[in-house]
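Below is one structure, written out as structure tokens; the observations come after it.
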Amino acid sequence: MLHLILKELFYRKTSTLLSFISIALAVTCLVSALSLLEGHKVLTDDIFQKAKTKQIEIMTKAEDKYRISTKDLGFNVLILPKAQNLSNFYADDFASKYMPEKFVETLANNRIVTVRHLLPSLKQKINWTEMKQTIILVGTRGEVPVIHKNPKKPLQQPVEDGHIVLGFQLAKDLNLKKDQTVTLLGEEFNISLIHSPRGNKDDITAWIPLAASQKILNKPKLINAILALECKCAWADIEKVKKELEKILPETQIIGMERRKAKTRKEIRTTAELLTKNSIKDILENRKNQELALQSFANILIPLVMLTCCIWIGFLAMTNVRDRKYEIGLLKALGLLSEDIILLFVGKAFLLGFIGSVFGFVIGAFGTSFFGGITIDSDINNVVFSGKTIFLIIFLTPFLSILASWIPAIYAAKEDPAEILRGE
Amino acid sequence: MSIIIKNLKKYYPTKKNLVKAVDDISFDVKPGDFLAIHGASGCGKSTLLLMLGGLLHPTGGTVDIKDVNPYKLSNKACAAFRTENIGFVFQQFHLIPYLDIRDNIMVPALASYIEDLNMKVDESLEKFNLLERAHHKPSTLSIGEQQRVAMARALINSPKIILADEPTGNLDPDNSEIVLNTFKEFANQGGIVIMVTHEKSAINAAFSNIALDKGKLK
């Protein structure tokens with residue numbers, strides 16, 4: 001029987017070739033669609049992994065850049081005597097209680113990691129009797145170096161001995177000019193600088209050296225505030241700073257200032273991170289949409305191609321039955337049963353389906369790799385070359401081919417040899 | 001082993017009337033007989049032959065071959081019976097175009113086991129002078145050679161009966177003679193040959209003959 005099938009296959013070359021091509025084409029479409037879809041998934045995973053790695057790289061680099069770019073956005077901490085009532089402090093804008101000036105040295109000599117610049121000050125509202133003007137007097141000695149850290153450029157310059165720096169409004173109201181000598185509560189000072197307008201209490205403030213202020217205000221070796229400037233940490237870490245400082249100076253209290261700057265700094269980082277994440281999310285969503293589109297296309301294309309091929313195979317099988325009418329009549333006359341005739345056509349369909357599916361599989365799998373730019377890597381192999389897929393393709397295709405040829409085979413089996421031979 | 005035909009009928013009802021292709025025919029054929037059935041075209045010769053071969057159910061009457069009525073057998077048993085006992089020869093030969101001559105002669109082996117098949121095929125090829133053509137396709141053979149192949153095929157499973165439908169219809173006198181001589185030889189060896197023909201020479205070559213006219217024995 002197999003001999004007969006094989007001989008017939010080679011004899012009717014056109015019909016065989018057309019059947020073979022249609023089966024191979026259907027399987028090629030199926031395997032290509034599978035490979036492309038799986039390849040798309042693998043590429044998406046690959047892109048995601050690369051993007052994620054890149055994001056980590058970018059964020060690590062960005063961390064440094066943001067640190068540099070936002071270094072001036074650090075927040076300040078004000079250290080006040082523990083006894084200071086904060087309500088009064090906020091109302092007056094200076095402390096009414098005092099603490100030893102040596103506290104600043106204590107701080108500077110400790111290994112504080114969160115604070116970079118320390119500015120002790122003595123600040124008080126006074127009546128400038130010589131000028132008959134109420135002013136805010138600030139005694140400052142400039143920045144106290146934090147000794148365990150590399151010296152940084154001071155954020156605030158001290159006022160030199162014998163000099164005074166005036167706020168804009170104060171100088172204007174008193175008609176004072178730079179380099180003019182003035183007397184403040186019995187002490188003479190040379191005006192070294194008049195600030196530009198700042199729009200706050202600084203405009204009615206006079207800055208003199210700390211020692212001079214202590215003498216004028218009769219507060220020897222005392223200060224009422226230490227400003228810790230430009231803490232390089234997020235606002236969220238203020239509690240950490242407070243704890244660190246209060247541990248060193250238990251007789252003080254710490255308040256944070258300039259919250260917005262620190263918050264901005266953190267927000268910039270968060271926004272940048274979010275942007276990168278969103279960008280990856282966008283790529284993934286686009287890939288997902290592409291995949292869905294491909295899937296929808298495949299969902300229509302594959303059944304359509306399979307159905308068309310089945311109809312085509314059925315048509316070819318029916319033509320084959322017609323061509324072999326006398327052969328069928330003869331075989332039945334010679335004693336072959338209807339089952340044998342069915343087997344003849346089904347066997348042919350199986351062979352065509354099997355060989356066509358193997359060819360289609362090979363062309364589909366490697367053709368996709370060659371023309372579709374999909375690398376046949378292990379991930380795709382797992383799907384395309386899985387037992388399930390091979391079973392579906394190599395064994396289901398012959399089954400479909402048999403199904404498509406079934407009606408023609410039944411038709412052939414029902415042929416009446418008497419009718420055929422009588423009609424010759 | 002005789003063939004006994006009793007009141008055999010084959011009617012085809014049409015819209016207008018009933019066509020009586022074979023109408024109440026009875027006759028016997030004994031082993032060693034070479035019977036020619038002749039008559040004008042459409043007289044029911046081929047229909048009768050097909051009924052004798054177990055291929056066409058009669059409307060009435062019986063066909064007994066070796067005391068067996070093939071129409072009372074199942075399809076499978078009837079096919080086996082046919083394979084074992086009957087060889088067919090047709091006017092159009094019905095050789096399978098994609099098989100070579102050797103394979104064509106072996107076709108009946110698809111239906112049943114034939115002992116010493118290859119040896120028998122070789123003998124057949126030699127007997128019908130087809131040895132050189134053994135691996136040729138039917139389309140490359142002359143008409144006479146094709147009919148000889150059909151004869152070899154009909155005889156390969158050593159049947160008891162040969163049913164031939166116009167076997168010499170397409171042949172020249174020389175090839176006709178070969179075919180008819182083969183039938184005579186077969187009958188002389190105890191077989192039965194029933195040949196449908198309208199050729200005088202073929203009728204004369206047969207050992208006996210019956211004539212049909214409009215489905216009835218003349």
Side-chain angles (χ1 to χ4, degrees), chain A residues 1-20 316-317 319-349 351-352 409-410 412-424, chain B residues 10 12 21 42 44-51 53-58 74-100 102-104 106-112 114 137-139 150 153-154 156-157 159 163 165-166 169 196:
Chain A
M1 194 67 87
L2 181 66
H3 181 67
L4 204 68
I5 292 170
L6 289 174
K7 289 272 181 185
E8 201 270 332
L9 276 175
F10 284 103
Y11 177 71
R12 292 190 172 86
K13 291 185 185 75
T14 311
S15 169
T16 303
L17 199 67
L18 286 173
S19 301
F20 172 77
L316 288 172
T319 309
N320 191 237
V321 169
R322 240 180 28 211
D323 289 346
R324 300 170 74 182
K325 189 176 175 180
Y326 287 109
E327 181 191 330
I328 295 163
L330 172 84
L331 292 173
K332 289 187 98 173
L334 291 179
L336 261 73
L337 299 168
S338 295
E339 297 93 285
D340 300 322
I341 302 297
I342 289 174
L343 189 65
L344 207 61
F345 284 89
V346 161
K348 180 182 172 180
L351 268 180
L352 278 172
I410 295 290
K414 284 192 170 173
E415 286 279 16
D416 183 356
E419 284 293 316
I420 295 167
L421 298 172
R422 205 158 55 115
E424 70 172 313
Chain B
K10 184 66 186 179
Y12 293 101
K45 305 187 296 282
S46 294
T47 305
L48 176 61
L49 196 76
L50 291 169
M51 284 196 287
L55 291 168
L56 187 63
H57 268 270
S74 66
N75 281 345
K76 198 172 176 179
C78 182
F81 180 80
R82 207 162 48 231
T83 307
E84 195 185 328
N85 295 291
I86 303 169
F88 287 94
V89 180
F90 305 98
Q91 184 179 2
Q92 299 299 335
F93 326 129
H94 297 315
L95 300 179
I96 296 176
Y98 51 86
L99 297 181
D100 64 21
R102 190 180 176 83
D103 286 341
N104 259 291
M106 291 166 84
V107 163
L110 287 171
S112 68
I114 298 172
K137 291 278 162 56
S139 58
R153 182 183 64 195
I156 195 69
N157 56 342
L163 300 176
D165 192 357
E166 303 277 9
V196 163

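Naming convention: chains lettered A, B, ... in sequence-line order (proteins, then strands); numbering from 1 in each chain. Because the structure is predicted, anything quoted here is derived from the model rather than measured.
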Practice prompt. Heavy atoms only: give me the nearest B/Ala79-A/Leu337 pair and the separation to one decimal.
Written response: CB-CD2, 3.5 Å

Fill in: Side chain B/Arg82, main chain A/Lys332, donor-acceptor under 3.5 Å
yes

Practice prompt. Indicate yes or no for a side-chain donor-acceptor contact from A/Arg12 to the backbone of B/Tyr98 under 3.5 Å, with no hydrogens or angles considered.
Written response: no

Worksheet, complete the sentence: Okay, A/Leu330 and chain B: the region with an atom under 4.5 Å from a heavy atom over there is side chain

Fill in: Pairs of heavy atoms under 4.5 Å with chain A: top-ranked of B/Asp100, B/Leu99, B/Leu49, B/Ile86
B/Leu99

Fill in: Heavy-atom pairs under 4.5 Å with chain A, option from B/Val107, B/Thr47, B/Asp103 with the top count
B/Asp103

Fill in: Partner chain A: residue of B/Pro97, B/Pro108, B/Ala80 with the largest heavy-atom pair count (under 4.5 Å)
B/Pro97

Worksheet item: For B/Ile96, does its backbone N or O pair with a side-chain atom of B/Asn104 as donor and acceptor, under 3.5 Å?
Response: yes

Worksheet item: Where on B/Asn157 is there a heavy atom nearer than 4.5 Å to chain A: the side chain, the backbone, both, or neither?
Response: neither

Item to complete: Evaluate the side-chain proximity of B/Asn75 to A/Ser338: yes if any heavy-atom separation is below 4.5 Å, no if none is.
Response: no

